[in-house]
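Both counts, for ligands and for their atoms, begin at 1 and track the order of listing. These numbers come from a predicted model, not from an experiment.
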Amino acid sequence: MPLLKKILSSLFPPCCTICSAEGSLFCPTCQNYLDFLYFTPQLIPLNKLLENKKHLEIDIKILGFYTPPLSTAIKSYKYQGLFRLAPIFAELLYNHLIFPADIDIITAIPLHPKKKKQRGFDQTKLIIQELSQKTNKPFLPLLIKTKHTQNLASTKDQDTRNLLTENAFALNKKHQQNIARKHILLFDDVVTSGSTLAACIQVLITENPRKITLCALAHEG
Ligand SMILES: [Zn+2]
C-alpha cells in the first residue's frame, strides 16, 4: 500500500456501510449474509429480442438478489458516492462468478453524461475497470447513451420501461469495428426487467458479436 494511502487509512479507517464495523466498507461478516442468486432469471424483453436472433449465444451471470446487505451496499455506492466500494464489488464478482476464458471485451451499460455530472462518477464503469484488471480482459466503452432517461427503478410499468430505453443507446463509433465475432461481457449494476440490457444488446448485435455474457451485481425481481 502506498505510504500516503496507508497514513490516510490509519487516520480514517474504513467502516462497513452496513454494520459500521471498522476495517472494510463492506465487511466479511456482512458479506456472509449475501443472498446469492441460485437461478438464471427470465428477462422477458431479452427473450423477445432473441426470438429472431437464435444464432446469438447469451449467457447471464448475476451475483445476488437485490436484498440487504447487497442492496444496501449498492445504494451507498450509487447514491452516497461511496465509490471506494468499486474494488470490493469487482472482487465479489470475480470470486463468486465464473468468467469464461474466451471473453474478448468487457463493456458496461453507459451512463448519460448529464447523469454522470449529477452523480459525480460513472458507477458501472468504475466496477468494470477493476474487473478488467482482475480478469486481464480489456475494457472498451462500446456503447454510448444518447437519451437522458429518468430513473428506471421508479418505473414499474413494463411498457413504459421499454419506451424509455428504446433508442436510448448507440454504438461508440471509436470501437465499433471491435465487435464482430467477439465474446462481449456486458455489465450493469442492477438488473430489473432486463429492458436496459435488451436495448443495449439490440445495438450491439448490429455488429454481429459471437456471444454476449450479461453480468450484474444484483437482480431485483
Ligand atoms: Zn458489516
Side-chain angles (χ1 to χ4, degrees), residues 1-41 43 59-99 106-111 115-137 139 151-156 185-194 196-197 213-221:
M1 204 193 280
L3 186 63
L4 183 66
K5 217 172 159 188
K6 220 172 185 170
I7 295 168
L8 282 174
S9 78
S10 66
L11 286 173
F12 308 102
C15 285
C16 177
T17 182
I18 293 129
C19 73
S20 304
E22 250 180 39
S24 167
L25 286 173
F26 189 7
C27 79
T29 313
C30 288
Q31 284 187 23
N32 271 339
Y33 288 99
L34 206 147
D35 271 332
F36 291 103
L37 203 77
Y38 49 81
F39 64 94
T40 305
L43 306 170
D59 198 7
I60 303 175
K61 293 180 182 295
I62 302 178
L63 182 71
F65 288 93
Y66 192 66
T67 50
L70 187 57
S71 59
T72 320
I74 291 171
K75 280 178 199 158
S76 302
Y77 178 64
K78 283 169 78 171
Y79 308 118
Q80 291 167 30
L82 216 57
F83 58 87
R84 284 180 302 154
L85 274 165
I88 298 177
F89 287 144
E91 194 160 288
L92 276 167
L93 292 168
Y94 187 70
N95 289 346
H96 296 284
L97 301 176
I98 296 158
F99 292 95
I106 298 189
T107 200
I109 303 278
L111 198 66
K115 212 167 203 174
K116 189 180 169 184
K117 211 173 163 192
Q118 280 170 4
R119 202 167 277 169
F121 69 110
D122 183 337
Q123 81 269 11
T124 52
K125 195 173 157 187
L126 278 187
I127 297 171
I128 224 63
Q129 279 171 333
E130 295 280 345
L131 195 65
S132 160
Q133 280 181 6
K134 283 187 181 298
T135 53
N136 247 330
K137 304 287 180 187
F139 161 74
N151 190 3
L152 281 187
S154 61
T155 315
K156 293 288 174 205
L185 182 122
L186 175 63
F187 176 79
D188 198 4
D189 47 7
V190 182
V191 172
T192 311
S193 68
T196 308
L197 287 171
T213 293
L214 302 170
C215 175
L217 277 173
H219 174 54
E220 190 179 20

Please name the pair of heavy atoms, one in S24 and one in I88, separated by the smallest distance, quoted to 0.1 Å.
OG-CD1, 4.0 Å
Every N, O or S from the protein that is nearer than 2.8 Å to the Zn ion (ligand 1):
C16 SG, C19 SG, C27 SG, C30 SG
Quick check for you: to the nearest 0.5 Å, what is the distance between I128 atom CD1 and T124 atom OG1?
7.5 Å
Counting only N and O atoms by type, is there a donor-acceptor contact under 3.5 Å from the side chain of K125 to the main-chain atoms of A108?
no
Step through the shown structure and confirm whether more than 12 heavy atoms of other residues, nucleotides or ligands are within 6.0 Å of OH on Y38.
no
For the student: nearest non-hydrogen atoms of F65 and F36, plus distance:
CE1-O, 3.4 Å
If we ignore hydrogens and angles and just use 3.5 Å, is the side chain of T135 paired with the main-chain N or O of L131 as donor and acceptor?
yes
